[in-house]
Amino acid sequence: MATAKRARSNSDSDSQKSANDEDEQLLRSLCEEKDVFEGKVFNDPIHGHIELDALCVAIIDTPQFQRLRHLKQLGPAYHVFPGASHNRFEHCLGVSHLAAQLARRLRERQPTLNITDKDILCVEIAGLCHDLGHGPFSHLFDGQFIPAIRPTSTWTHEEASISMFDYMIETNNLRPLFEKRGLDDKDIIFIKEQIKGPLRRSSSSSSSGHDGGWPYLGRDRTKSFLYEIVANKRNGIDVDKWDYFARDCHHLGIAISFDYRRLLSFVKVLYCDGQLQICAPDKEVSSIYDMFNTRNSLHRRAYQHKTANIVGQMLSEILIKSNDYIMLPGKNGPTRMSEAIDDMQAHTLLTDEILTVIELSPDPRLAEAQRILRAINCRQLYKCVAQSTPDLSQRAIFDWSQGGEGGVLAKDILAIYREEQGSKACLSADDIVVHLVKLDYGMKDLNPVDGVRFYSKSDPNTAIRIRKDQISQLLPETFLEQHIRVYCKNRDADVCAALRRAAQHWCAREGCVAPKDSASRTELTPIKFARK
């Protein structure tokens, strides 16, 4: 009998143990990850902890991407705003994160769009690599330096970005990693098209009869909305702007009212104008105006700051005067900075640190460039002697910058200065710098919101336009203005005062707004009556 009890006890114990084992196995299986995340998590001051795919991490860990750590996001603005020390590196991480977020949000909201994992990865990589081609001091390189050295060149940093992308894949043997993730040549073309736009001419595509003239090769018309995520050519609403608005304002110390998170939550894809486009809810139209106003405000207060612009002018002069004497190791031997845009091996080595190379060089031919660099470091900048706003109806002004920014204006003002000063005139054309600064909402003189399509709560499947007069009477009437700034390289007070008077007379002759500090400013001051 005791034996039977022991047997039953052992049996119960085994059953209990088996049940416990099954429970343990069940609990363990609940904790197992089906898809193990193989990427990395980055702690970003703007977006918090962001996850990037393993292939993106492999791209980041290349010399071509790491060079972005040495390119200031805002170029010369760092000389005015001490907090603007952030680089293209972290901006590209942020754009990649937002691009993937937006693509996933659209897939979650509209499964019928058939957005695949490959689509999302391609969009993520395009966001990561969209700025690979920038040169020293960002837009200064392609906006001032290259046009001065190679005036017939049509090169853009977007072209350099896709060239650098190809070079990066080749030299780091990344092709097997792309293939491991299922990305083929068509996907690589899709990535590059998101950065630069169509890689073929629309005329050739239409003549071939392929897809009715659809200009893209990477994805067909059913995925047209994906081309609006990283760089939206249609209306300018894209994650590139969302990141740099938030990031630049954070580092500049400028408050921002626009919140991209609301748009990220509410956008959807609708058919309109013959394509599938990303549309916003009509209730967010004011938020979109805020977005474009944020862009205008940043250009006005930071990107086109008069001191930042003249530092950029001086940096450009340094690069121009050093171009023939600073050589970079390229694939065909020593390569000038201006030639590096055609040689990605040399371009990989070209960053903001080129200033240190110039500063430390013992080459006597760099003496003039070093003098200008010392002037920047000692804050002996060219003096801004006058600022004015031309009448936008005088369309000819827009063309006066051709053949050298402000060249015609500088000659006109110099002629007035020499006529007034006579034998006392001591300035030459090289001593005067005229900048024509255009401030707009991103679409020149057009209202960018006219290119945005919306949907309403009552009819969420129909894309609509919203006119400006349907929103508010307080919105801008014009979306473009131009500023003329006159600088003098000679910092002598009397010389600057004489040039200022010449600039004021030119403005009066051309019907421009009277420059700041001119005599007519007293008209804005209330008259003070003497007490009786």
Side-chain angles (χ1 to χ4, degrees), residues 76 79-80 144 296 299-314 316-317 372 375-376 379-440 445 477-478 480-528:
H79 288 264
V80 178
Q144 296 183 46
N296 178 57
H299 274 271
R300 187 181 301 274
R301 300 171 65 182
Y303 307 156
Q304 303 294 344
H305 190 283
K306 67 181 180 66
T307 306
N309 275 10
I310 204 57
V311 171
Q313 171 76 27
M314 297 174 75
S316 179
E317 291 178 5
I372 299 174
I376 293 176
R379 209 66 175 181
Q380 298 297 306
L381 309 178
Y382 305 158
K383 296 287 290 185
C384 183
V385 299
Q387 297 183 75
S388 181
T389 303
D391 183 352
L392 291 183
S393 64
Q394 299 181 35
R395 302 296 297 183
I397 289 180
F398 292 117
D399 299 325
W400 285 357
S401 65
Q402 298 300 317
E405 187 179 52
V408 174
L409 275 71
K411 291 179 182 178
D412 285 354
I413 294 172
L414 177 63
I416 296 174
Y417 163 78
R418 286 176 171 171
E419 181 181 351
E420 294 177 347
Q421 294 298 303
S423 60
K424 295 181 181 179
C426 61
L427 296 178
S428 67
D430 290 337
D431 295 319
I432 302 174
V433 177
V434 176
H435 282 173
L436 299 175
V437 179
K438 294 179 182 179
L439 299 173
D440 57 36
D445 58 343
E477 288 296 325
T478 59
L480 169 69
E481 67 178 16
Q482 190 177 48
H483 289 228
I484 299 173
R485 294 172 182 162
V486 182
Y487 297 87
C488 185
K489 294 184 180 181
N490 188 325
R491 292 174 54 85
D492 180 83
D494 292 336
V495 173
C496 288
L499 185 60
R500 180 181 296 111
R501 288 191 295 272
Q504 291 169 358
H505 295 157
W506 179 89
C507 289
R509 187 186 74 186
E510 299 296 333
C512 297
V513 175
K516 293 179 180 179
D517 299 323
S518 67
S520 60
R521 244 184 120 188
T522 55
E523 296 176 5
L524 303 178
T525 305
I527 299 175
K528 295 182 179 180

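We number each residue from 1, following the sequence as shown.
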Residues at least two apart in sequence or cross-chain that pass ring pair (Phe, Tyr, Trp, His ring centres under 6.0 Å) with Tyr487, listed by chain then number, are His435

Taking every heavy atom of Tyr417 against every heavy atom of Lys424, the minimum-distance pair comes out as OH-O, 4.2 Å

dist Ile432:CD1 -> Ile413:CD1 (nearest 0.5 Å) comes out at 7.0 Å

Checklist entry - Is Gln380 atom CD crowded by more than 12 heavy atoms from other residues, nucleotides or ligands, each under 6.0 Å away? => result yes

For Arg485 and His305, the nearest pair of non-hydrogen atoms, with its separation, is NH1-C, 3.7 Å

Non-hydrogen side-chain atoms of Leu480 and Lys438 separated by less than 4.5 Å: yes

Output for pair (Leu499 CG, Gln504 CD), nearest 0.5 Å, gives 10.0 Å

Those residues at least two apart in sequence (or on a different chain) that pass salt bridge (charged side-chain N to carboxylate O under 4.0 Å, His left out) with Asp440 are Arg295

Interatomic distance, CD1@Ile372 vs CD@Gln313, rounded to 0.5 Å, equals 9.5 Å

From CA spacing to verdict: side-chain contact (heavy atoms from CB on, under 4.5 Å), Thr307, His79
CA-CA 8 Å; Thr307 306; His79 288 264; over 6 Å; no

On a heavy-atom basis, the closest approach of Leu427 and Arg418 is O-NH2, 3.5 Å

| said: Counting only heavy atoms not in Arg301 (residues, nucleotides, ligands), do more than 12 fall under 6.0 Å from its CZ? | reply: no

Worksheet item: Would you call Val311 and Met314 a side-chain contact if the rule is heavy atoms closer than 4.5 Å?
Response: no

**Report entry** Pairwise side-chain contact, Glu317 with Lys489, heavy-atom cut-off 4.5 Å (strictly under)
**Finding:** yes

- Which is it for Arg379 and Leu381 under the side-chain contact (heavy atoms from CB on, under 4.5 Å) test, yes or no, and what are the steps along the way? CA-CA 5 Å; Arg379 209 66 175 181; Leu381 309 178; 4.0 Å; yes

Between Arg509 and Ile416 the two heavy atoms that sit nearest each other are NH1-CD1, 4.0 Å

To the nearest 0.5 Å, atom OG of Ser388 lies from atom CD of Gln482 at 10.0 Å

Sorted by chain and number, sequence neighbours left out, side-chain hydrogen bond (donor to acceptor under 3.5 Å, both in side chains) with Asn490 holds for none

- prompt: Is there a side-chain contact between Arg300 and His483 (heavy atoms, below 4.5 Å)?
  reply: yes

Heavy atoms of Ala308 and Ala302 approach each other most closely as CB-O, 4.1 Å

When every non-hydrogen atom of Cys426 is compared with those of Val495, the smallest separation belongs to SG-CG2, 3.8 Å

